[in-house]
Amino acid sequence: MTLEEQFALLKRGTIEIVPEEGLKAKLKKSSETGKPLKVKLGLDPTAPDIHLGNAVVLRKMRQFQDLGHEVIIIIGDFTAAIGDPSGRSVTRPQLSEEEIQRNAKTYYDQYCLILDPAKTKVVFNSEWLGKLSFEDAIKIASKLTVARVLERDDFASRLSEGKPIGLHEILYPMCQAYDSVVLESDVEVGGLDQKFNILLGRDLQSQFGQEEQVGLFMPILVGLDGVQKMSKSLGNYVGVTESPKDMFGKLMSIPDELMHDYFELCTDVPLEEIKAIDEGLASGKLHPMEVKKRLAREIVTIYHSAEAAAEAQAEFERVFSQRETPEEMPDIVLSPEDLVDGTIWIVRLLVKAGMAPSNSEARRLVQQGAVTIDGKKITEPSANISPVDGQVVRAGKLRFGRIKLLR
RNA sequence: GGGGAGAUGCCCGAGUGGUUAAAGGGGGCAGACUGUAAAUCUGUUGCCGUAUGGCUACGUUGGUUCGAAUCCAACUCUCCCCA
């Protein structure tokens with residue numbers, strides 16, 4: 001592959017490369033010296049649950065690997081204690097050694113779905129950040145200015161809205177930038193929300209007399225709600241390890257307008273084909289639901305298999321299009337102590353089944369007509385029912401359970 | 001160090017003595033409809049075994065009052081201006 005082709009491949013899907021010439025130069029140098037580029041990615045250890053939004057970046061990393069470069073994943077165990085200043089950060093507890101190891105293992109299992117483990121190195125930033133003395137930290141800090149750090153969007157808006165900014169939070173970008181110095185990274189990939197931190201890495205590297213890394217920015221994947229970015233804490237995400245069924249269903253719930261971005265960022269469907277889909281939708285030749293099913297199938301296939309995707313689709317159609325019951329559902333185990341004269345209060349049953357967090361919530365579900373047993377609607381919250389082994393309890397569209405009686 | 005403003009339910013945000021489990025919006029959940037767990041519309045959204053009922057809740061702790069999210073005091077935290 002020529003350098004131009006390599007560059008074109010890497011550029012695809014990115015929002016911005018800073019600077020483009022820098023990346024070209026690094027690719028050239030790497031091919032001349034035979035030395036792979038160090039491509040850096042930082043991950044937060046507190047949420048070891050990789051979702052499609054993270055995958056956008058990881059898939060880009062994979063391309064670098066396929067071109068022979070080295071990927072270095074930094075688990076931000078040290079910086080996690082600070083808490084990323086973006087959003088309503090709450091200071092997080094320092095993770096224990098075991099937790100870190102466990103999370104690292106989880107990460108490994110998950111990113112292997114996307115990355116080539118043979119070309120991936122994992123490091124923890126506590127390895128070097130934890131060893132800095134206060135004096136060292138101050139020396140690093142002296143290379144940056146307050147104004148420079150306050151340029152950052154989060155800080156600027158929090159400042160103008162009168163919201164607090166912890167002094168330690170200001171150090172977060174510095175820590176991330178220093179990671180780049182320690183690793184002598186050539187490229188750092190990240191979402192656009194990482195722009196500031198990654199560019200700061202460039203500044204700091206040059207302060208330390210190093211060649212500056214190239215920043216490569218991917219678009220932020222919008223979450224299932226169609227408004228906010230996909231993130232675990234907002235609950236609007238699809239995890240890469242989720243079951244085919246959940247993945248399919250969640251993807252079917254995205255607003256229609258999001259389909260284009262998902263095709264582009266989360267699948268391998270060629271760009272020309274995506275364009276054809278857009279046109280088909282605009283002209284009415286393609287049905288949005290069918291397109292969305294295709295999208296869901298493509299994504300499930302990446303993380304599971306084509307067969308699993310087909311099954312997930314069949315299940316989805318059975319449950320939501322035909323309103324039938326799913327093939328598999330959790331058991332609601334009832335022991336004799338749960339029954340009074342062979343009956344159980346419907347509200348109690350729902351709470352016991354985990355379908356409602358409280359009696360009040362369960363009562364509401366019943367009153368709203370969301371609860372059926374074997375297809376028969378229960379509308380009276382005071383009802384006592386006589387459970388029969390194998391009966392299907394349904395609350396709303398998503399919650400199912402099969403009664404299992406113990407004797 | 002001085003002066004000023006503020007802390008309300010998952011989030012934002014009204015509310016300055018009773019009719020406030022607390023307006024409105026967001027989010028969540030449910031129903032209808034449908035083309036899908038899209039969109040739209042409607043309802044609902046503290047907890048308690050079934051309640052013209054009880055309990056908990058408006059930063060914390062006390063106080064005033066028949067009655068407090070609302071008044072008073074102290075404390076904790078945050079923001080702004082000045083130094």
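Only this structure's heavy atoms are used, side chains among them; waters, hydrogens and symmetry mates stay out. Residue numbering restarts at 1 for every chain, and letters A, B, ... go by the order of the sequence lines.
- Between B:G31 and A:Lys397, a contact under 4.0 Å exists linking OP1 or OP2 to a side-chain N or O.
- Counting distance only, with no hydrogens placed and no angle test, the side-chain atoms of A:Asp256 and the base atoms of B:G35 include a donor-acceptor pair under 3.5 Å.
- A donor N or O paired with an acceptor N or O is not found under 3.5 Å between the base of B:G31 and the side-chain atoms of A:Gln368.
- Across all strands, A:Gly369 comes closer than 4.0 Å only to sugar-phosphate atoms, never to a base (heavy-atom distances).
- For A:Leu159, whose side chain is taken as the heavy atoms from C-beta onward, the closest listed nucleotide among B:C80, B:C47, B:A38 is B:C80.
- Note on A:Lys292: a base of the nucleic acid sits closer than 4.0 angstrom, heavy atoms only.
- Of the candidates B:G35, B:C47, B:A37, B:G35 carries the atom nearest the A:Met289 side chain, counting heavy atoms from C-beta on.
- In summary, the side chains of A:Arg152 and A:Asn197 do present a donor paired with an acceptor at a separation below 3.5 Å, with no hydrogens or angles considered.
- Remark: the backbone N or O of A:Gly239 is paired with a side-chain donor or acceptor of A:Glu242 at under 3.5 angstrom.
- Within 4.0 Å (heavy atoms only), A:Leu365 reaches sugar-phosphate atoms of the nucleic acid but no base atom.
- Taking the centre and axis of the six-membered ring of A:Phe316, the NZ or CZ atom of A:Lys293 falls outside the cone set by 45° and 6.0 Å.
- Considering A:Lys26, A:Arg202, A:Gln205 in turn, A:Lys26 is the only one that fulfils the side-chain hydrogen bond (donor to acceptor under 3.5 Å, both in side chains) rule with A:Glu211.
- In this model, the phosphate group of B:C47 is approached by a side-chain N or O of A:Ser358 to a distance below 4.0 Å at OP1 or OP2.
- Relative to the side chain of A:His287, the nucleotides B:A38, B:G35, B:C47 differ in distance, and B:G35 lies closest.
- Between A:Ser360 and the phosphate of B:U45, there is no side-chain N or O to OP1/OP2 separation shorter than 4.0 Å.
- Residue contacts shown for A:Asn359 are limited to sugar-phosphate atoms, with no base heavy atom under 4.0 Å away.
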What pairs of nitrogen or oxygen atoms, one from the protein and one from nucleotides 50-54 of chain B, lie under 3.5 Å apart?
| unit_1 | atom_1 | unit_2 | atom_2 | d |
| --- | --- | --- | --- | --- |
| B:U50 | O2 | A:Trp345 | NE1 | 3.2 |

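- Note on A:Pro288: a base of the nucleic acid sits closer than 4.0 angstrom, heavy atoms only.
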